[in-house]
Every structure is written in structure tokens, then in C-alpha cells.
Enquirer: 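Quick one: structure below, then a few questions.
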Amino acid sequence: MSAVAITPSSIIRLVDTFYGRVRTDSVLGPVFEAKLAGKWQEHMPRMYAFWTKVLLGTGEFEGNVFGKHMALSGIDKEHFVRWLTLFKLTAIEVFGAEDAKEAILVAERIASSLQLGFFGEIRVKGQFN
């Protein structure tokens, strides 16, 4: 990872851009809105902290990401396809193709873990899996 491209401020840009896309996406938007309607302002700092922790190893994020996501209903393969597609697009846009690789790899690992929880198998593989 490049210390220049991936910084706390570029992570905020990644998260803001990504979740802006998620909120308007026809597949993901309804799932996120059902859970976060009226709560986006409190949710976003948690996402900044999460991605700062996983990409830079710094920050104060604490939480049960797996458990929170397992509580969602109606999740299927298409949700993972869209989530990974939007994340990859956004990461490359924000960090550049080379520097985005680590962030995309992390996102694919998260998606794989969640898919195992939801389906008992990985149904959507990313380019780095």
C-alpha cells in the first residue's frame, strides 16, 4: 500500500463516495436504507473508523461487523456482486489502480466472510480471491 495514496483523508473520500453510490443503487440502496434511514450521520464516522483501522491499522474502531451484517434479512448473491463492484470502482477512482489493490483485497475478504455466514459458501469471488 502506498502511504501517499491511502491516508485518513483519502479513506474518508472513499467511504463518502462509496456510500453515496450504495444509497442510490437499485440493489443495495433499499437494504441499507431499511437499516440506516435517519442514521447515516452517525453511521459514517463508524465507517471512516472501520476502514482506517483495516487499511492503515490505526484508529479506534470497535464493533462486531460480522454480527451486525448477519442480522440483515433478504441478502442474496446479487448484493455481494453490487457491493464488490461499487467498492472496486470507488477504490480505483480514489486510490488509483495500483494502490487500490490492497483495499479491494480487504473488501473481498470481508465479502467472503459474510457470504460464508449467509450461505455457508462463497458465491461471489473477486478478482483477488
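We number each residue from 1, following the sequence as shown. All values below were derived from every heavy atom in this structure, side-chain atoms included, with hydrogens, water molecules and symmetry-related copies excluded.
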Enquirer: What pair of heavy atoms forms the shortest contact from S10 to V94, and how long is it?
Expert: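 Smallest heavy-atom distance, with atoms named: O-CG1, 3.5 Å.
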Enquirer: How long is the straight-line distance from CG of L36 back to CD of Q41, given to the nearest 0.5 Å?
Expert: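 Reported to 0.5 Å precision, the distance equals 12.5 Å.
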Enquirer: Does the side chain of E108 come within less than 4.5 Å of F80's, by heavy atoms?
Expert: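 Side-chain contact under 4.5 Å: no.
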Enquirer: Side chains of I92 and I104: does their closest heavy-atom pair fall under 4.5 Å?
Expert: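 They are in contact (side-chain heavy atoms under 4.5 Å apart), so the answer is yes.
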Enquirer: Do the side chains of R21 and R82 get nearer than 4.5 Å, heavy atoms only?
Expert: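 No, every pair of side-chain atoms sits at 4.5 Å or beyond.
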Enquirer: As an exercise, state the distance from CD1 of I75 to CD of Q115, rounded to the nearest 0.5 Å.
Expert: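 Going from CD1 on I75 over to CD on Q115, the span is 11.0 Å.
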Enquirer: Quick check on the 6.0 Å ring-centre criterion: do F87 and W51 meet it?
Expert: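 Yes, the ring of F87 comes within the 6.0 Å limit of the ring of W51, centre to centre.
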Enquirer: Just checking E121: does its CD atom have more than 12 heavy atoms from other residues, nucleotides or ligands closer to it than 6.0 angstrom?
Expert: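 Correct, the count exceeds 12.
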Enquirer: Going hydrophobic residue to hydrophobic residue with side-chain gaps under 4.5 angstrom, can you get from V31 over to I110?
Expert: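 Shared cluster, yes.
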Enquirer: Report the distance from atom CD1 of I11 to atom NZ of K53, rounding to the nearest 0.5 Å.
Expert: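 That separation rounds to 12.5 Å.
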Enquirer: Could you measure the distance from the CZ atom of F95 to the OG1 atom of T7? Nearest 0.5 Å is fine.
Expert: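 Spacing of CZ (F95) from OG1 (T7) equals 7.5 Å.
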Enquirer: Show the nearest heavy-atom pair for residues D25 and P30, with the distance to one decimal.
Expert: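 For D25 versus P30, the nearest heavy atoms are O-CD, 3.6 Å.
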Enquirer: If every non-hydrogen atom of L55 is compared with every non-hydrogen atom of I6, which pair is closest and at what distance?
Expert: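 So the two residues come closest at CB-CG2, 4.2 Å.
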Enquirer: What I'd like to find out is whether the side chain of E102 reaches to under 4.5 Å of the side chain of L105, using heavy atoms alone.
Expert: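 SC-SC contact between E102 and L105 confirmed.
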Enquirer: Compare all side-chain heavy atoms of M47 with those of F18 and state whether any distance is below 4.5 angstrom.
Expert: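 M47 does not reach F18 side chain to side chain.
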Enquirer: In terms of relative ring orientation, are F32 and Y19 parallel, tilted or perpendicular, with 30° and 60° separating the classes?
Expert: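 The arrangement is perpendicular - the two ring planes meet at more than 60°.
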Enquirer: Between V124 and I122, what is the shortest heavy-atom contact and its length?
Expert: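 Residues V124 and I122, closest heavy atoms: O-CG2, 3.4 Å.
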Enquirer: Decide yes or no for W40 and H43: does some side-chain heavy atom of the first lie under 4.5 Å from some side-chain heavy atom of the second?
Expert: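 They are in side-chain contact.
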Enquirer: Check for me, please, whether L89 and V27 land in the same ILVMFWY cluster - side-chain distances under 4.5 Å, paths through other members count.
Expert: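 No, no single cluster joins them.
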